[in-house]
Amino acid sequence: MVTQILIVFLCLVPTQIVGNCNFAAIFNFGDSNSDTGGLSAAFGQAPYPNGVTSFHAPAGRFSDGRLLIDFIAEGLDLPYLSAFLDSIGSNFSHGANFATAGSTIRPQNTTMGQSGYSPISLDVQGVQFSDFHTRSQIIRQKGNIFGQLLPKEEDFSQALYTFDIGQNDLTAGYKLNMSTDQVKAYVPDLLSQLSNVIKKVYARGGRSFWIHNTGPVGCLPYVMDRFMITAAQVDKYGCANPFNEVSKYFNLLLKKTVVQLRKELPLAAFTYVDVYSVKYSLIGHAKKLGFENPFLACCGHGGKYNYNRFIKCGSKKVVNGKEIVIASSCKDPSVRVSWDGTHFTEAANKWIFDQIVNGSFSDPPIPLHLACNRVNN
């Protein structure tokens with residue numbers, strides 16, 4: 001049945017099919033949705049109970065366990081990605097992760113301490129990739145032990161380049177008290193900057209691009225807690241309409257950007273993945289899918305959503321001379337959608353991955369392992 005569906009998809013979309021792609025590596029660019037340790041390496045480890053489900057200890061991820069990028073790596077039979085910034089125990093022979101939590105597409109005019117946004121914006125990640133490409137080959141040519149931990153030159157053209165970024169750019173405007181129209185007004189500039197980074201990656205040999213659109217920001221507990229939302233602005237699933245409208249506008253223009261990139265970079269394969277629809281469906285039908293209240297954070301402290309931006313997941317307090325975790329994990333993260341009010345649980349990430357891996361939410365509608373096949377222009 002799956003084969004029949006795939007054949008129908010491929011008949012509907014003109015593509016150049018060469019079979020399984022056998023990706024040699026993954027290079028990822030993004031924010032906390034795909035950060036496997038970048039921010040932790042630079043500014044301190046994401047505290048316990050982050051990582052409690054799969055890794056049984058903090059593992060650089062803002063979740064109880066695996067992220068979408070981890071499931072993508074598993075789906076391609078590749079190791080989990082080491083963060084580019086992590087100098088301890090990292091192996092980059094099958095790719096690198098340039099994402100950091102709090103990253104934005106365009107640089108923010110604030111410090112991390114002021115806004116919480118990472119200074120490692122997408123343009124910086126692009127520079128890091130370029131430097132990694134050059135220096136990794138210099139080290140390999142020296143033939144020492146470190147060369148074994150780096151990708152081969154040909155791996156860069158045989159890799160999958162994944163992008164999942166933009167969500168923080170949208171909320172950044174609201175934190176500056178911008179209106180929805182004002183936030184929408186700078187979306188074209190965001191996508192122009194994203195396009196420029198992709199073109200630079202292409203110039204360094206990147207040929208297969210897997211690009212996630214942004215999720216429904218208006219369904220995130222931290223957004224509903226942080227910003228003023230009237231009853232009239234809440235949709236049938238309990239999400240905030242204005243914020244989701246901005247997400248959808250970003251995604252509309254992102255899809256147009258991908259179409260334009262296909263024309264400008266004819267040797268590349270671009271897969272646009274609609275994670276918005278999948279995440280919105282999960283939140284809207286959480287209980288039918290075996291989850292509990294999708295807005296109730298598993299790891300947090302107090303408030304309507306078990307979320308308090310001043311007492312985030314892992315926050316500690318000294319009581320009678322002893323340090324205790326006051327924002328701890330719920331008993332069973334596997335039945336929660338939201339991990340900490342901002343990020344998804346491993347169980348939610350797994351469910352999302354299972355929906356997108358076969359291409360059902362992709363343009364063109366081909367599965368992950370065929371993502372090196374390009375649309376004929």
Side-chain angles (χ1 to χ4, degrees), residues 31-37 39-40 44-71 73-74 80 101-102 116 167 215-226 234 237-240 275 278-355:
D31 52 30
S32 58
N33 289 315
S34 60
D35 180 5
T36 56
L39 195 77
S40 291
Q45 187 62 241
Y48 176 87
N50 286 293
V52 66
T53 296
S54 271
F55 306 101
H56 312 296
R61 294 155 174 81
F62 290 87
S63 176
D64 61 308
R66 292 167 290 178
L67 311 178
L68 268 178
I69 190 64
D70 294 312
F71 290 113
E74 286 184 8
Y80 296 145
Q167 177 177 302
V217 173
C219 297
L220 297 175
Y222 94 90
V223 169
M224 295 190 291
D225 177 82
R226 176 78 182 267
V234 177
Y237 292 144
C239 301
V275 294
V278 178
K279 290 180 177 179
Y280 189 65
S281 179
L282 170 59
I283 290 164
H285 304 95
K287 293 184 179 179
K288 292 180 181 178
L289 296 169
F291 292 91
E292 296 176 352
N293 182 348
F295 303 112
L296 188 64
C298 173
C299 185
H301 181 84
K304 181 178 179 181
Y305 307 108
N306 192 37
Y307 171 81
N308 183 327
R309 65 190 175 104
F310 301 108
I311 309 176
K312 293 185 177 180
C313 179
S315 292
K316 299 177 181 178
K317 183 178 181 180
V318 176
V319 178
N320 298 324
K322 184 179 180 182
E323 192 175 57
I324 61 170
V325 177
I326 58 172
S328 57
S329 172
C330 60
K331 185 177 180 180
D332 185 6
S334 71
V335 295
R336 296 292 179 89
V337 171
S338 178
W339 167 240
D340 58 4
T342 304
H343 309 100
F344 288 81
T345 60
E346 175 180 285
N349 285 326
K350 177 62 165 62
W351 188 88
I352 295 164
F353 173 76
D354 287 343
Q355 312 313 304

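In what follows, every heavy atom counts, from backbone to side chain, and hydrogens, waters and symmetry copies are set aside. This chain uses plain numbering: 1 for the first residue, then up along the sequence.
- Remark: Y80 OH to T36 OG1 distance equals 11.0 Å, nearest 0.5 Å.
- Of the inter-residue distances, the one linking Q355 atom CD with K350 atom NZ reads 9.5 Å to the nearest 0.5 angstrom.
- Annotation for F291 and S334: closest pair CE2-O, 3.7 Å, computed over non-hydrogen atoms.
- V278 places a side-chain heavy atom less than 4.5 Å from the side chain of W351.
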Exercise answer: donor-acceptor pairs, residues 313-320 side-chain atoms, under 3.5 Å, sequence neighbours excluded:
{"from": "S315", "atom 1": "OG", "to": "K312", "atom 2": "N", "distance (Å)": "3.0"}
{"from": "S315", "atom 1": "OG", "to": "K312", "atom 2": "O", "distance (Å)": "2.7"}

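- Cys pair C299 and C330 fails the test of SG atoms under 2.5 Å apart.
- Side-chain contact check for T53 and E346: no donor-acceptor pair (N or O, by modelled atom type) lies under 3.5 Å.
- Cation-pi check for R66 over F353 is not met; the charged atom does not lie both under 6.0 angstrom from the ring centroid and within 45 degrees of its normal.
- In this structure, the separation between OH on Y307 and CG on L220 is 10.0 Å, given to the nearest 0.5 Å.
- Contact between N293 and K287 at its shortest, heavy atoms only, is N-CE, 4.4 Å.
- Within a 6.0 Å sphere centred on CZ of F55, heavy atoms belonging to other residues, nucleotides or ligands number more than 12.
- In this view, Y237 and Y280, H285 satisfy the ring pair (Phe, Tyr, Trp, His ring centres under 6.0 Å) rule, not counting sequence neighbours.
- By the side-chain contact (heavy atoms from CB on, under 4.5 Å) test, A348 is found to be paired with L282, V337, F344, T345, residues two or more places apart in sequence or in another chain being considered.
- In this structure, P294 and S338 approach most closely via the heavy-atom pair O-CB, 3.8 Å.
- Atom SG of C298 sits about 14.0 Å away from atom NE2 of H343, to the nearest 0.5 Å.
- Nearest heavy atom pair, residue I311 against residue A327, reads O-CB, 3.9 Å.
- Of all the heavy atoms in G60 and Q45, the pair that sits closest is N-OE1, 2.6 Å.
- Taking both residues in full, the closest heavy atoms of A297 and R336 are given as O-NH1, 3.1 Å, listed atom of the first, atom of the second, then distance.
- R61 and D70 are joined by a salt bridge, as a carboxylate oxygen and a charged side-chain nitrogen come within less than 4.0 angstrom of each other.
- C239 SG to M224 CE: the interatomic distance, rounded to the nearest 0.5 Å, is 6.0 Å.
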Exercise. Going through the checks in order, is the side-chain contact (heavy atoms from CB on, under 4.5 Å) test met by V217 and Q167?
Worked result: CA-CA 7 Å; V217 173; Q167 177 177 302; 3.9 Å; yes
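- Residues K279 and I352 are in side-chain contact: their nearest non-hydrogen atoms beyond the backbone lie under 4.5 Å apart.
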Exercise. For D64 and S329, what are the C-alpha separation, side-chain angles and deciding distance, and is it a side-chain contact (heavy atoms from CB on, under 4.5 Å)?
Worked result: CA-CA 8 Å; D64 61 308; S329 172; 5.9 Å; no
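- For the atom pair CZ of F62 and CG of D340, the computed distance is 8.5 Å after rounding to the nearest 0.5 Å.
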Exercise. Would D354 and F71 satisfy side-chain contact (heavy atoms from CB on, under 4.5 Å), going step by step from the backbone distance to the final call?
Worked result: CA-CA 9 Å; D354 287 343; F71 290 113; over 6 Å; no
